[in-house]
Engineer: 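Could you have a look at this structure, given as structure tokens, before my questions?
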Protein chains: 2
Amino acid sequence: MASSYGQFCPVAKAMELLDERWTMLVVREMIAGSQHFNDIRRGVPNMSPTLLSKRLRTLGRAGVVERWEHGNRVTYQLTQAGRELVPIVEALGQWGIRWIGELGEEDLDPHLLMWDLRRNIAVDRMPPGRTVIGFTFPDLEPAARDWWAVVTDEVDICDHDPGFEVHVRVLAPLRTMVQVWRGDIGWADATRSGDLVVEGPSRLRSALPEWFLLSDFAATPRPGPEAVTSISVGG
Amino acid sequence: MASSYGQFCPVAKAMELLDERWTMLVVREMIAGSQHFNDIRRGVPNMSPTLLSKRLRTLGRAGVVERWEHGNRVTYQLTQAGRELVPIVEALGQWGIRWIGELGEEDLDPHLLMWDLRRNIAVDRMPPGRTVIGFTFPDLEPAARDWWAVVTDEVDICDHDPGFEVHVRVLAPLRTMVQVWRGDIGWADATRSGDLVVEGPSRLRSALPEWFLLSDFAATPRPGPEAVTSISVGG
DNA sequence: CAGTATCCAGTTGGATACTG
DNA sequence: CAGTATCCAACTGGATACTG
């Protein structure tokens with residue numbers, strides 16, 4: 001673990017635990033509902049399993065996470081201390097979406113986007129039976145370009161053609177789709193500018209925006225342009 | 001700077017900046033009012049000046065801090081983005097004081113304690129004229145044992161005898177004094193147990209507790225014992 | 001599924017001394 | 001006062017492969 005700051009300040013003591021790389025993202029992932037090792041991994045795909053294991057143990061020692069074994073299934077759960085991180089993670093996300101606007105190319109991960117979408121499709125607003133939504137990111141290499149959301153009473157995400165008829169298709173550069181998801185730009189604006197195109201029967205085309213619940217942070221009010229001094233974390 | 005997490009999630013983007021070691025403590029120090037390089041340093045004494053310089057530049061690039069030169073004096077100020085970290089730092093401190101109870105020996109820094117006290121003595125509740133409060137931490141080596149707070153209309157902290165008559169003296173192990181400051185234990189409890197002793201005229205002895213404004217986090221309600229699973233961040 | 005084992009490159013940041 | 005310069009040990013964590 002990170003070495004001590006040598007301060008009794010509660011902020012310092014909290015950060016000794018929480019400012020270790022990946023830690024807050026693991027907590028975020030657990031807040032989002034992941035309870036199993038490989039579920040959490042899906043939310044932090046760039047983290048090695050060794051490191052995730054280590055972080056979970058550190059969080060366990062700190063009393064933030066509890067590990068339960070039942071049979072040969074392992075479950076991780078937030079303790080009371082962990083649940084009290086919810087408002088902090090929310091505040092960090094709100095701050096992040098207000099003040100860190102720039103996304104690098106390396107931030108645009110289609111797996112993560114689809115993983116997020118999966119949890120946020122309003123199944124109950126969709127037609128009964130099976131609906132297949134196609135996603136195409138024309139700017140990506142062929143292997144990552146096409147995705148399918150097969151919606152029944154649950155949502156399955158496929159990165160290979162599941163073979164079903166596609167009822168409606170969304171086409172947009174990955175960056176645009178991510179920005180729509182984050183609420184950086186509105187669905188209507190993206191459509192109007194031509195960056196985002198929906199193909200399919202007009203009834204589905206007009207219904208589709210209602211199916212997507214955007215990121216929890218999408219509705220966060222953004223700072224007016226007068227408040228922006230500079231936003232650049234690169235370099 | 002820390003490498004990217006490769007995620008567009010606003011929490012991840014925020015943490016790319018904020019989870020770098022020392023960063024939040026620099027922000028905390030600026031929230032507490034420090035505006036000059038060496039003032040900030042006093043709040044993060046274990047941080048090398050090189051590193052502080054680097055962090056201030058990173059925070060500058062990120063639009064959290066602004067650097068002003070006037071004459072040969074340099075001032076650092078929080079921007080709007082920086083001021084919006086205030087609730088996050090407060091929440092982190094509240095979480096820290098609730099859930100990270102253990103303080104290691106290395107966390108007990110008398111300089112930091114006196115530096116904190118300096119900012120939190122209620123001068124207006126004290127007798128007019130000069131009042132000198134002595135502090136003795138009997139458990140410390142002689143060089144760090146005795147401190148003086150010379151209160152006039154402002155507060156001066158001395159680690160060498162300033163030569164004035166001491167009107168009232170507080171004696172306590174450093175850990176006890178820190179715990180009182182943090183609100184982990186009450187002044188009255190510390191006195192009753194004999195860990196903390198006040199010497200001087202009875203009028204001053206009984207007035208003295210009113211002079212100390214404790215840490216901003218002292219009043220944070222603590223979790224009931226039933227909520228505590230384990231608290232240990234050690235290695 | 002739920003992790004461990006191993007290895008090593010790269011980076012961080014601590015220590016110390018120095019400068020305009 | 002407000003930083004820079006330099007050096008290097010230690011540690012982190014990324015990559016990859018493997019296991020019960």
Side-chain angles (χ1 to χ4, degrees), chain A residues 1-7 12 15-26 29-30 33-61 65-77 106-107 109 233-235, chain B residues 1-7 12 15-26 29-30 33-61 65-77 106-107 109 233-235:
Chain A
M1 57 165 298
S3 59
S4 163
Y5 283 119
Q7 300 199 183
M15 290 314 279
E16 283 180 16
L17 175 71
L18 300 176
D19 72 4
E20 278 196 298
R21 190 164 157 76
W22 291 108
T23 297
M24 280 305 234
L25 303 195
V26 172
E29 206 46 35
M30 295 188 66
S34 297
Q35 302 210 338
H36 303 291
F37 194 85
N38 285 328
D39 287 346
I40 298 170
R41 278 201 73 187
R42 235 167 307 228
V44 284
N46 293 333
M47 190 181 192
S48 78
T50 310
L51 192 53
L52 174 56
S53 173
K54 186 178 170 189
R55 287 290 183 274
L56 285 170
R57 251 179 285 123
T58 301
L59 287 169
R61 261 187 282 116
V65 163
E66 266 173 335
R67 183 181 189 277
W68 298 93
E69 295 189 34
H70 19 70
N72 54 359
R73 187 89 168 139
V74 177
T75 300
Y76 293 93
Q77 283 191 301
E106 69 281 6
D107 296 327
D109 180 334
V233 185
Chain B
M1 58 163 297
S3 60
S4 162
Y5 283 120
Q7 301 198 181
M15 290 314 280
E16 283 179 16
L17 174 71
L18 301 175
D19 71 5
E20 279 196 298
R21 188 164 159 76
W22 293 109
T23 297
M24 279 305 235
L25 302 195
V26 172
E29 205 47 34
M30 296 189 67
S34 298
Q35 302 210 334
H36 304 291
F37 194 86
N38 285 328
D39 287 346
I40 299 171
R41 277 200 76 187
R42 236 167 307 228
V44 284
N46 293 333
M47 188 180 192
S48 79
T50 310
L51 191 53
L52 174 56
S53 172
K54 186 177 168 187
R55 286 289 183 276
L56 285 170
R57 251 179 286 123
T58 301
L59 287 168
R61 261 186 283 115
V65 163
E66 265 173 336
R67 183 182 189 277
W68 298 94
E69 296 189 33
H70 20 68
N72 54 359
R73 187 89 168 137
V74 177
T75 301
Y76 292 94
Q77 283 192 302
E106 69 280 6
D107 297 327
D109 181 334
V233 186

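So you know, we letter chains A, B, ... as the sequences are listed, proteins then strands, and number each from 1.
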Engineer: Let's go through Val65(A) and Met30(A) carefully: what are the C-alpha distance in whole Å and the side-chain angles of both, what is the deciding distance for side chain to side chain contact (heavy atoms under 4.5 Å, CB included) to 0.1 Å, and is it a yes or a no?
Structural biologist: CA-CA 9 Å; Val65(A) 163; Met30(A) 295 188 66; 3.7 Å; yes
Engineer: Let me know the distance between CG of Leu56(B) and P of dG3(D), rounded to the nearest Å.
Structural biologist: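 Interatomic distance, CG of Leu56(B) to P of dG3(D): 8 Å.
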Engineer: Which pair of non-hydrogen atoms, one from Glu106(B) and one from Ser4(A), has the smallest distance, and what is that distance?
Structural biologist: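 Taking Glu106(B) first and Ser4(A) second, the nearest heavy atoms are CG-OG, 3.6 Å.
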Engineer: Minimum heavy-atom separation for His36(A) and Val74(A), please, with both atom names.
Structural biologist: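 The answer is ND1-O, 2.7 Å.
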Engineer: Donor-acceptor pair, Asp109(A) side chain versus Gln7(B) backbone, under 3.5 Å?
Structural biologist: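 No, the answer is negative, given that no donor and acceptor are paired below the 3.5 Å cut-off.
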Engineer: Rounding to an integer number of Å, can you tell me how far Leu52(A) CG sits from dC1(C) P?
Structural biologist: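 Result: 14 Å.
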Engineer: Figure out the CD/C1' separation between Glu69(B) and dG3(D), and round it to whole Å.
Structural biologist: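 Atom CD in Glu69(B) sits about 11 Å away from atom C1' in dG3(D).
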Engineer: Looking at dT4(C), dA2(D), dG13(C), which one has an atom nearest to any side-chain atom of Arg67(B)?
Structural biologist: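 Taking heavy atoms from C-beta onward, the closest nucleotide is dA2(D).
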Engineer: With 3.5 Å as the limit, what N/O pairs link the protein to nucleotides 5-10 of chain C?
Structural biologist:
unit_1 : atom_1 : unit_2   : atom_2 : d
dA5(C) : N6     : Thr50(A) : OG1    : 2.5

Engineer: Using the side-chain heavy atoms of Arg73(A), tell me which of these nucleotides is nearest: dA2(C), dG14(D), dT12(D).
Structural biologist: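 Of the candidates, dA2(C) comes closest.
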Engineer: Please work out the stems of DNA chain C from pairs that are Watson-Crick or G-U wobble with both distances under 3.5 Å, keeping only runs of three or more consecutive pairs.
Structural biologist: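 As far as DNA chain C goes, consecutive pairing (with distances under 3.5 Å) yields the stems C:1-20 with D:1-20.
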Engineer: In this structure, how many angstroms lie between the P atom of dG14(C) and the CG atom of Asn46(B), rounded?
Structural biologist: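 Between P of dG14(C) and CG of Asn46(B): 8 Å.
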Engineer: In Å, rounded to the nearest 0.5 Å, how long is the span from NZ of Lys54(A) to CD of Glu20(A)?
Structural biologist: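 The CD atom of Glu20(A) is 7.0 Å from NZ of Lys54(A), to the nearest 0.5 Å.
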Engineer: Examine distances only and state if a side-chain atom of Arg55(A) and a backbone atom of Arg21(A) form a donor-acceptor pair shorter than 3.5 Å.
Structural biologist: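 Confirmed, Arg55(A) side chain pairs with Arg21(A) backbone.
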Engineer: Between Ser53(A) and dT4(C), does any side-chain N or O lie under 4.0 Å from OP1 or OP2?
Structural biologist: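 Looking at the OP1 and OP2 atoms of dT4(C), one of them is under 4.0 Å from a side-chain N or O of Ser53(A).
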Engineer: How long is the line joining CG of Leu51(A) and C1' of dT4(C), in whole Å?
Structural biologist: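 Rounding to the nearest Å, CG of Leu51(A) and C1' of dT4(C) are 14 Å apart.
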Engineer: Return the residues of residues 33-44 of chain A meeting this criterion: a heavy atom under 4.0 Å from some atom of DNA chain D. Order them by number, or give none.
Structural biologist: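 Here the set is empty: none.
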Engineer: Kindly give the heavy-atom pair with the smallest separation between Thr23(B) and Leu18(B), and that separation in Å.
Structural biologist: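 For Thr23(B) versus Leu18(B), the nearest heavy atoms are CB-O, 4.1 Å.
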Engineer: Here's one to test your reading of the geometry: is the NZ or CZ of Arg67(B) within 45 degrees of the ring axis of Phe37(B) and under 6.0 Å from its centre?
Structural biologist: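 No, Arg67(B) does not sit over the ring of Phe37(B).
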Engineer: Measure the distance from CZ on Arg21(B) to P on dC11(D) and round it to the nearest whole Å.
Structural biologist: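 Taking CZ of Arg21(B) and P of dC11(D), I get 12 Å after rounding.
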Engineer: Closest approach to the side chain of Arg55(A), judged atom by atom: which nucleotide of dA2(D), dG13(C), dG13(D) is it?
Structural biologist: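 Nearest listed nucleotide: dG13(D).
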Engineer: Could you check whether any side-chain N or O of Glu29(A) sits under 3.5 Å from a backbone N or O of Arg41(A), counting only pairs where one atom can act as donor and the other as acceptor?
Structural biologist: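 Checked: no pair found.
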Engineer: Once you round it to whole Å, what is the distance between P of dT11(C) and CD of Glu20(A)?
Structural biologist: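 The distance from CD of Glu20(A) to P of dT11(C) comes to 19 Å, rounded to the nearest Å.
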Engineer: Determine the minimum heavy-atom distance between Glu16(A) and Asp107(B), stating which atoms define it.
Structural biologist: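 Closest heavy-atom pair between Glu16(A) and Asp107(B): OE2-OD1, 4.0 Å.
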Engineer: Measure across Asn46(B) and Gly6(A) and return the closest heavy-atom pair with its distance rounded to 0.1 Å.
Structural biologist: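 Answer, listing the atom of Asn46(B) first, then Gly6(A): ND2-CA, 3.8 Å.
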Engineer: Which nucleotide in the list dG14(D), dT4(C), dG14(C) gets nearest to the side chain of Arg57(A)?
Structural biologist: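 Side chain of Arg57(A) sits closest to dT4(C).
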Engineer: Has Trp22(A) got a side-chain N or O lying under 4.0 Å from the OP1 or OP2 atom of dG14(D)?
Structural biologist: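 Result: yes.
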Engineer: Separation of Lys54(A) atom NZ from dT4(C) atom C1', in whole Å?
Structural biologist: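 Spelled out: NZ on Lys54(A) to C1' on dT4(C) is 14 Å.
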Engineer: Are Leu52(B) and Trp22(B) close enough that some pair of their side-chain heavy atoms sits under 4.5 Å apart?
Structural biologist: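 They are not in side-chain contact.
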Engineer: Looking at dG3(D), dT4(C), dG14(D), which one has an atom nearest to any side-chain atom of Tyr76(B)?
Structural biologist: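 For the Tyr76(B) side chain, the nearest candidate turns out to be dG3(D).
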